[in-house]
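Keep in mind it's a predicted model, so treat the numbers as computed, not measured. The chains referred to below are lettered A, B, ... by the order of the sequence lines, with proteins before strands, and numbering in each begins at 1.
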Amino acid sequence: MTDDVAVLGVGLHPWGKWGRGFVEYGAVAARAALADAGLDWRQVGSIVGADTVRGGYPGYVAGATFAKALGWQGARVTSVYAACASGAQAIGAARAQILSGLADTVLVVGADAAPKGFFRPAGGSRPDDPDWLRFRVLGATNPTYFGLYARRRMALHGDTAVDFAQVKVKNSAMGALNPYARYRKRVTAEEVAGSPTVADPLRLLDICATSDGGAALVLSSTDFARRHGRAEAVRIRAVSTVTPRYPNTVLDLPDIATDSAVAVAPAAESFRASIARAAYEEAGVGPEDLSLAEVYDLSTALELQWYEDLGLCAEGEAAKLLREGATAPGGRIPVNASGGLASFGEAVPAQAIAQVCELTWQLRGSAGDRQIPGARVGIATNQGLFGHGSAVLAVR
Amino acid sequence: MSRTHMPVVEGWFTGEGDGFRLLGTRCSACASVFFPREDTHCRNPGCPGGELEEVPLSPRGRVWSYTDSQYRPPSPYVTDPELPWRPYALVAVELEAERLVVLGQAVPGVTVGDLAVGMEVEVVPGVLHEDAETVRTTWQWRPVRGRAV
């Protein structure tokens with residue numbers, strides 16, 4: 001078990017389609033997190049940026065750009081990119097600096113200004129890039145992969161389109177209570193069923209949108225938190241950033257094929273399940289200890305998949321768990337109390353950081369109308385393209 | 001004037017008609033198969049690394065899952081914006097001998113209503129897009145059901 005790091009401050013820029021640049025969203029979130037931490041930016045020794053792929057040259061879409069926007073003060077800078085897992089990797093990098101004694105306090109920032117419509121690969125002709133190839137050869141957008149997973153669940157486990165719609169109904173009800181969410185209207189199962197099909201069997205309201213947004217955290221050593229009068233701060237106890245193990249036998253974005261299992265038997269657990277297990281092992285807790293979970297609901301069906309991968313229920317029983325109300329507020333293990341990606345849409349490098357902001361508010365007991373009573377342990381999980389696993393486990 | 005036939009990616013498939021096959025590579029040391037082809041190093045971390053030899057993949061497999069693309073995909077997928085969008089099905093197919101899953105488009109006319117998980121399908125040559133000079137070829141999956149075997 002490693003030591004904890006303290007979450008001194010959290011901040012978000014509201015999600016939406018604001019038509020402005022990612023720097024503004026990130027700086028707004030960063031200032032909010034610093035204010036929440038009760039720290040002057042000039043006291044912060046290190047900044048870690050979770051990069052966006054939109055907005056230009058990698059040297060620009062980076063931690064230093066946020067440092068400049070906040071005012072140069074000489075902080076150590078780090079920048080990371082890991083697709084949807086970028087935010088968690090930024091948290092992981094910040095934590096490593098704190099635990100190694102390189103920094104007492106670290107500001108973590110991620111922000112994105114998303115285009116309209118499908119995400120698409122970077123321009124040019126790049127036939128050695130699997131992300132370019134899947135669009136060029138197959139026209140396989142992200143939602144088509146979500147459609148494949150959803151159909152597979154229907155065939156294997158008997159999930160139905162009605163189950164998928166219920167995930168949206170649940171998450172939109174929570175999003176309606178979240179001032180930072182982009183979609184704040186409750187959605188009915190009929191509205192999901194009436195929305196156009198995007199990638200069979202998934203409909204528009206089953207699939208998360210792409211959004212603008214910014215999120216930030218101020219992390220510190222637990223010693224610093226005590227000296228700063230925040231001995232009771234929420235703590236991050238584990239950050240899982242694992243990769244798959246060969247052979248990876250689930251077709252993952254952006255691949256056109258899986259690994260072959262001819263020579264090596266696949267592990268009993270899937271890649272996604274291994275992401276959660278690594279976090280549980282590092283934190284010394286299990287799924288039975290969780291008060292709540294924030295999972296990456298890129299689609300409604302994918303939220304159900306996470307229930308199983310997190311060990312909230314046995315394989316194939318996620319829809320049953322949902323139908324019983326176990327993952328709704330008041331249930332045994334509420335999932336996506338923030339409203340999830342269903343209510344936020346995805347602002348890629350900010351999203352995993354926003355998940356930890358929600359865990360922090362919940363564990364502090366300051367989540368307002370969304371509060372899960374008595375929350376003590378929370379996990380946030382996601383998976384980034386190209387084999388980037390991520391999970392953050394927080395406690396109070 | 002005959003148009004030039006060009007594969008969408010060089011070296012991923014070969015042959016015509018019943019002889020059409022996807023091409024992968026196989027490691028001479030551990031027998032792992034790779035598609036898309038791996039030509040430099042075997043990716044099995046427990047393998048000392050053998051020669052990677054080109055091998056045709058099994059022509060038939062079973063549907064692992066399927067979906068469709070009801071909206072026009074963005075570039076670099078090539079479509080004619082002047083024409084109305086015609087959705088196509090995507091099929092992920094499990095090859096038993098190679099123990100891997102390969103994604104591909106279904107042949108034109110096959111919709112998600114014609115597909116089921118576990119159904120047997122076969123690989124066939126297809127056209128991804130064409131213009132006055134070039135026919136860009138690809139692989140497609142076609143249900144075996146109903147064909148004389």
Side-chain angles (χ1 to χ4, degrees), chain A residues 115 117-156 196-204 245-251 254-266, chain B residues 7-10 12 22 24 26-27 29-36 42-47 57 63-79 87-95 97-105 111-113 115-118 128 136 138-139:
Chain A
F118 293 121
F119 282 145
R120 60 186 68 189
S125 177
R126 290 174 294 104
D128 53 350
D129 173 354
D131 194 48
W132 187 87
L133 279 170
R134 55 131 169 176
F135 282 96
R136 173 69 185 93
V137 178
L138 300 171
T141 59
N142 291 2
T144 62
Y145 286 81
F146 310 153
L148 290 172
Y149 305 147
R151 175 59 64 184
R152 178 86 182 157
R153 288 196 62 83
M154 292 170 91
L156 245 60
T197 299
V198 175
D200 176 272
L202 297 176
R203 295 173 178 276
L204 190 62
R245 280 165 299 167
Y246 184 89
N248 190 7
T249 56
V250 176
L251 189 67
D255 294 333
I256 286 175
T258 64
D259 291 337
S260 158
V262 154
V264 183
Chain B
V8 62
V9 184
E10 197 68 49
W12 281 19
L22 289 169
R26 183 169 53 212
C27 174
C30 76
S32 284
V33 177
F34 298 100
F35 182 87
C42 175
R43 289 195 287 101
N44 170 5
C47 175
L57 302 187
V63 174
W64 183 83
S65 193
Y66 57 94
T67 185
D68 61 11
S69 202
Q70 290 285 334
Y71 289 78
R72 192 188 303 268
S75 169
Y77 192 71
V78 178
T79 64
Y88 59 87
L90 279 167
V91 194
V93 177
E94 194 161 20
L95 304 182
E98 291 83 0
R99 296 195 64 188
L100 56 70
V101 173
V102 180
L103 194 54
Q105 294 185 345
T111 70
V112 290
L115 296 165
V117 171
L128 186 60
R136 197 62 77 162
T138 190
W139 75 95

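- Among the candidates A:L202, A:V250, A:L156, A:L138, the residue making the largest number of heavy-atom pairs closer than 4.5 Å to chain B is A:L138.
- Rounded to the nearest 0.5 Å, atoms CG (B:L90) and OH (B:Y66) are 13.0 Å apart.
- Looking at heavy atoms from C-beta onward, A:P196 lies out of side-chain contact with B:Q70 at the 4.5 angstrom threshold.
- Interface check for chain B: of the options A:R120, A:R245, A:R136, the most heavy-atom pairs under 4.5 Å are formed by A:R136.
- Contact count against chain B (heavy-atom pairs under 4.5 Å) is highest for A:W132 among A:Y145, A:F146, A:W132.
- With values rounded to the nearest 0.5 angstrom, A:F135 atom CZ is found 8.5 Å from A:F118 atom CZ.
- Counting only heavy atoms from C-beta outward, the side chains of B:C42 and B:C30 approach each other to under 4.5 Å.
- Judged by distance alone, with hydrogens and angles left aside, the side-chain atoms of A:R152 form a donor-acceptor pair with the main-chain N or O of B:W64 at under 3.5 Å.
- Residue contact with chain A, scored on non-hydrogen atoms closer than 4.5 Å, is absent for B:T79.
- The contact between A:V264 and chain B is made entirely by side chain atoms (from C-beta outward), counting heavy-atom distances below 4.5 Å.
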Report the C-alpha distance between B:T67 and A:Y149 in whole Å, list the side-chain angles of each, state the deciding distance to 0.1 Å, and finish with yes or no for side chain to side chain contact (heavy atoms under 4.5 Å, CB included). CA-CA 9 Å; B:T67 185; A:Y149 305 147; over 6 Å; no

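- Contacts of B:T138 with chain A are made by side-chain atoms alone, with heavy-atom separations under 4.5 Å and no backbone atom involved.
- Of the inter-residue distances, the one linking A:T258 atom OG1 with B:E94 atom CD reads 7.5 Å to the nearest 0.5 angstrom.
- One distance of note links OG of B:S69 with OH of B:Y88; it measures 4.0 Å at 0.5 Å rounding.
- Note: B:S65 leads B:P73, B:G46, B:S65 in heavy-atom pairs under 4.5 Å with chain A.
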Checking side chain to side chain contact (heavy atoms under 4.5 Å, CB included) for the pair B:L103/A:L148: CA distance, chi angles, key distance, verdict? CA-CA 10 Å; B:L103 194 54; A:L148 290 172; 3.7 Å; yes

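- In this structure, the portions of B:V33 lying under 4.5 Å from any heavy atom of chain A include both its backbone and its side chain.
- For chain B, no part of A:A150 is nearby; none of its heavy atoms comes within less than 4.5 Å.
- Only the side chain of A:P266 comes within contact range of chain B, judged by heavy atoms closer than 4.5 Å.
- At distances below 3.5 Å, not a single donor-acceptor pair connects side-chain atoms of A:D131 with backbone N or O atoms of A:P254.
- In terms of heavy-atom pairs under 4.5 Å with chain A, the best-connected choice from B:V78, B:V8, B:N44 is B:N44.
- In this structure, the portion of B:A97 lying under 4.5 Å from any heavy atom of chain A is its backbone and not its side chain.
- A:R134 places a side-chain N or O within 3.5 Å of a backbone atom of A:A140 that can act as its donor or acceptor partner.
- Within the 4.5 angstrom heavy-atom criterion, only side-chain atoms of A:T141, from C-beta onward, approach chain B.
- When heavy atoms are compared at a cutoff of 4.5 Å, B:W139 approaches chain A solely by way of its side chain, counted from C-beta outward.
- Heavy atoms of A:L133 lying under 4.5 Å from chain B belong exclusively to its side chain.
- Note that CZ of B:F35 is 9.0 Å distant from CG of B:L100, once rounded to the nearest 0.5 Å.
- Using a 4.5 Å cut-off between heavy atoms, B:V102 contacts chain A through both its backbone and its side chain.
- Chain A forms the most heavy-atom pairs under 4.5 Å with one residue out of B:Q105, B:R43, B:R26, and that residue is B:R43.
- Interface check for chain B: of the options A:D259, A:V198, A:L251, A:T249, the most heavy-atom pairs under 4.5 Å are formed by A:V198.
- Contacts between B:V101 and chain A at a heavy-atom distance below 4.5 Å involve backbone atoms as well as side-chain atoms.
- Heavy-atom distances place the side chain of B:R136, and not its backbone, under 4.5 Å from chain A.
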